[in-house]
Amino acid sequence: MDRSEYTIEYFKEKGFVRKECKKCGSGFWTRDTDREVCGDAPCETYSFIGKPIFKEKNADEIRESFLAFFESHGHTRLKRYPVVARWRDDLYLNIASIANFQPFVTSGKVPPPANPLVISQPCIRLEDLELIGKSGRHLTTFEMMGHHAFNKRGAEEIYWKNDTVRYCDEYLKQLGVDMDSVTYKEAPWMGGGNAGPCLEVVTGGLELATLVFMDLELTQNSGDTNIDGQWYRKMDTYIVDTGYGLERFVWASKGTPTVYDAIFPEMINELLTLAGREHPLKSHSEQILEIARLCGVMKKKEIVKKLNISSDFVKTVIEPIESVYAVADHTRCLAFMLADGIVPSNAKEGYLARLVLRRTFRMLKSLKIDTPLEELVISHIKLLHHSFPELEQYVDRISEILSLEKTRYEETLTKGERIVRQKAKESKAKGKMPLDTLINLYDTHGIPPEFAVEIAAESGGDVAVDVPEDFYSQVAKMHAEEKKGEADPFVHSLKERTKSIPQTLKLYYDKPTAAEFDATVLDAFDNFVVLDKTLFYPEGGGQPADTGFLTPVSGEDNLKVVDVMNVDGVILHKIAGAANRIDKGASVRGSIDYQRRMAHTRHHSATHIVIWAARKVLGGHVWQAGAQKGEDKSRLDITHFKRISDAESSEIEMLANKMVMRNEVIGVHVEDKNEAEKKYGFCLYQGGVPPSKEIRIVRIGEDEDVQACAGTHCSKTGDVGPIKLLRTERIQDGIERLWYSAGEAAVRAVQAREELIKKSAAVLRVPQEKLPATVERFFEEWKQLKKENESLRDEIAELRVGWLKGCARAISGLNVIAEILPDVDTKGLLKMASQLSEENFLTILMSKKGNRASVVSSVPANQKDSISASEVVKRVCEVLGGGGGGTPGIAQGGGDKVANIEEALLAGLRVVEAKSL
RNA sequence: GGGCUCGUAGCUCAGUGGAAGAGUGCCUCCUUCGCGAGGAGGAAGCCACGGGUUCAAAUCCCGUCGAGUCCA
């Protein structure tokens, strides 16, 4: 990156000098002319530990001072966004304050909610999960305080580099930081397809803030700037993206050994008390502080070596406190995740929540703390009361989810214990459990390798279990072969093609009940027709496209519309056959398949009603995870932490139908996106986030349900007609799918079910209400008869055995019974043959049933070496045109050449004769 | 979104193509003053469901339903 990017007026003005770090080579700006290193770890140790940088402040004080400072400099203060990034399809969790404004605000499509603005955004990053508690500075959850200015080229500039640096300098000064110790380190930033110059603000060895000047976007092969082999070009917008680490500031003001001791000391004390331990800072103060200072510079392992710390000390003092730190951190993370509506699951963001909570369970176990996790999380929520009172609203739900998760995890482990024992047994011969097995245990059954080690040791310990250090990354690597979904080149080419065509007037919004319209052809290419206005609804929001016809006013040629697409506001009618039959400027009459459209409309409104009812019955954590509307039925996927019971499903259905009967108005209006978000919250975006400045809002009643939605809707809930819940299924852990029909389709669905019952009752000749009892009786009787049948067959077989003995003939000293019996199945033949062979007869028994002949042969135990039943059967079956096999003692087979049955028996006898000679 | 595993007696699970099994619980009898315990016998299975391959499927293949788990 060009050095001129960092030539900032403010630096000159205040007498800063640019230097290059003697250790890492990075450029940095400082007031201290004697300084030689950039000041950042690992070039410098944590000098602030035990020696705070400024006057002690807690998190609330820092946050308020920051927000107030920027407010007094013309910034608008914003409330926090959720930690679940529901408005992003490329992220699960909110990882930075700027993430709130990506991608539409940063790209310039949607104006920012305020400009400039300031926010303190709780963020969650799980990349360094393994380091939490160990490194002394990593947190899963942190608050990124940020002030942002969104500038557009050609428009008046809000502010850019100079003011950003000045604000930072002045804010630090206000806190009382020694300004000679502050360095601004040059560090080009990139992420999420954007990049730009960046200054890291460092003091006391600690990076406190990052000032990013985002003005580049990723391009294909060439551009203005090359960073790490990637080309970038200047954007139309240029954005001030700053991140001040709230926790870092608190830490710097307290100078505690770790960031954890600074942020949640109360939680740490509570956990230490529960574990019956005391903070090592009390007993080993010198060692702990020394370790803490080195933490920024080197890894724990290296520190242990350098300071010559005994492994006993690591095990009994360091590791337990690290677990305490991690648990304190994780309880805060879980509080935000669960309060903001994440449902633990085995996919997507739910999986991340489960990852964190299972890790916490493991650490609690190692600390021998048996207090339920939900109590600890609630404890942490109480500590956060002042800053985040909203978390308290959800303690009931959080409790239920966590205790459920605990039960689930325990079940997984109990099951796992058996599996590990068995696998240990299997690997006994090798004396060592193969890595494959270990990976399989974790990947397939969720058994962490540490647990496998424990179990294997408990159960004898004659199988060694070695866990490689990079175990988890090896697992991750196995899954790494993923192909990323590329942007559809076809859609892209359509976008290029339609760029210059004016936006289509959307009649389906203005006249939702119309079926016909007149329009003018603006363009026709391939098999697409573009009109100046249309009634045809394009596919979107889970609602399928309309179908119908376009009829040119001059000419009889009807064009069948098979699909409709919205490409950046231009609506494309895809027709059957080529579009060159129609001329630009021609007038056409369009007609849509009205029945089909109405069915979609009803189902779309029904979907809003059903999700409203589901939220009422199941709770506010319910979130739409996908939906598809159809003509006959629709489906809606929602997040929920357990199976929906029959009672709950009935209640949802009843509530939905009550909403229909209330006949509330379904209102539609267009509103400024930022205004709407302020008014209704992110609940709006059940079906995704529209990329526009203004959004279409669909409201049921007095804000009973409010959603951003582009679909067609009934004007009153009564028009939806009956809503019938057809079934629920669990498509994934944590996601339930509801199937339902609305309007005429609902009536048809009920009728179809009634028909089933009617027909079933007719077959059994009983009244419908007797059906369950009768079916049960029949099933029981059927089982009874099956048993009786079997015992009768046994009896017949026994009788036949007596008779068969009389048919024995001697062949070369063997008692041979070779007979064809009427209508016996293979099982019956087997029974007889095995009994006869026990009494020293060699048998070949055959029978035909339908168009299939079967054979069983048995050989007495003392003859098995000289003659094999299996060979006899094979020969017989050859003649029967089939195959067979078994053991030397008893074998079975068959074939479909029933006519050859006698010949086959003789062939079998010849095998016996030949062998016994 | 992608991958892996599992579904067999009330329960916990063996069984990898040739007759449906074990442990535990249940029932009956014996032993005992009684309980605990011991002994003998017995009942209990749509091998999740639907197709396919095969002479033959709990077992192999495909689909459906249900459960578990890992990764992005």
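Below, read A as the first sequence line, B as the second, and so on, with proteins coming before strands; counting in each chain starts at 1.
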Student: Taking only residues at least two apart or on different chains, which pairs with a member in residues 356-365 of chain A satisfy side-chain hydrogen bond (donor to acceptor under 3.5 Å, both in side chains)?
Tutor: A:H330-A:R359, A:R362-A:Y409
Student: Name the nucleic acid region contacted by A:S834, choosing base, sugar-phosphate or nothing; use a 4.0 angstrom heavy-atom cut-off, strictly under.
Tutor: base
Student: Looking at A:D646, I'd like to know if its CG atom is crowded, meaning that more than 12 non-hydrogen atoms belonging to other residues, nucleotides or ligands lie closer than 6.0 Å.
Tutor: no
Student: For A:R852 and B:A56, is the shortest distance between a side-chain N/O and OP1 or OP2 below 4.0 Å?
Tutor: yes
Student: Which part of the nucleic acid does A:K874 contact within heavy-atom distance under 4.0 Å: base, sugar-phosphate only, or nothing?
Tutor: nothing
Student: Report yes if at least one side-chain N or O of A:K348 is closer than 4.0 Å to OP1 or OP2 of B:G1; otherwise report no.
Tutor: yes
Student: Between B:C30 and B:G66, how many Å separate the two C1' atoms, rounded to a whole number?
Tutor: 45 Å
Student: Which part of the nucleic acid, if any, lies within contact of A:E729, taking any heavy atom under 4.0 Å across all strands shown: a base, the sugar-phosphate backbone alone, or nothing?
Tutor: sugar-phosphate
Student: Between atom NE2 in A:H445 and atom C1' in B:C4, what is the gap in whole Å?
Tutor: 9 Å
Student: Once you apply a heavy-atom cut-off of 4.0 Å, does A:Q835 come out as touching a base, just sugar-phosphate, or nothing?
Tutor: nothing
Student: Pairs under 3.5 angstrom only: tabulate donor-acceptor contacts from the side chains of residues 789-802 of chain A to other protein residues two or more places apart or in another chain.
Tutor:
unit_1, atom_1, unit_2, atom_2, d
A:N789, OD1, A:R793, NE, 3.1
A:S791, OG, A:E788, O, 3.0
A:R793, NH1, A:D825, OD2, 3.3
A:D794, OD1, A:K831, NZ, 2.6

Student: Paired stems touching RNA chain B, three or more consecutive Watson-Crick or G-U pairs with both distances under 3.5 Å?
Tutor: B:1-7 with B:65-71, B:10-13 with B:21-24, B:26-30 with B:38-42, B:48-52 with B:60-64
Student: Does B:A44 have OP1 or OP2 under 4.0 Å away from a side-chain N or O of A:K787?
Tutor: yes
Student: Specify the separation, in whole Å, of atom CG of A:D443 and atom P of B:C4.
Tutor: 10 Å
Student: Test of understanding: with side-chain contact (heavy atoms from CB on, under 4.5 Å), list the residues that count as partners of A:L764, not counting sequence neighbours.
Tutor: A:V766, A:L771, A:T774, A:V775, A:F778
Student: For A:E902, I'd like to know if atom CD has over 12 heavy atoms of other residues, nucleotides or ligands within 6.0 Å.
Tutor: no
Student: Between B:G1 and A:Q732, is there an OP1 or OP2 to side-chain N/O distance shorter than 4.0 Å?
Tutor: no
Student: Tell me which residues in residues 886-902 of chain A put a heavy atom below 4.0 Å from RNA chain B, sorted by number, or none.
Tutor: A:G886, A:Q892, A:G893, A:G894
Student: Using the C1' atom in both, what is the distance from B:A44 to B:G36, to the nearest Å?
Tutor: 27 Å
Student: Base, sugar-phosphate or nothing for A:Y92? Non-hydrogen atoms, less than 4.0 Å.
Tutor: base
Student: Rounded to whole angstroms, how far apart are CD on A:E405 and P on B:U69?
Tutor: 8 Å
Student: Assign the ring pair A:W87 / A:Y81 to parallel, tilted or perpendicular, where the plane angle (0 to 90°) is split at 30° and 60°.
Tutor: perpendicular
Student: In residues 628-641 of chain A, which ones come under 4.0 Å of RNA chain B, going by heavy atoms?
Tutor: none
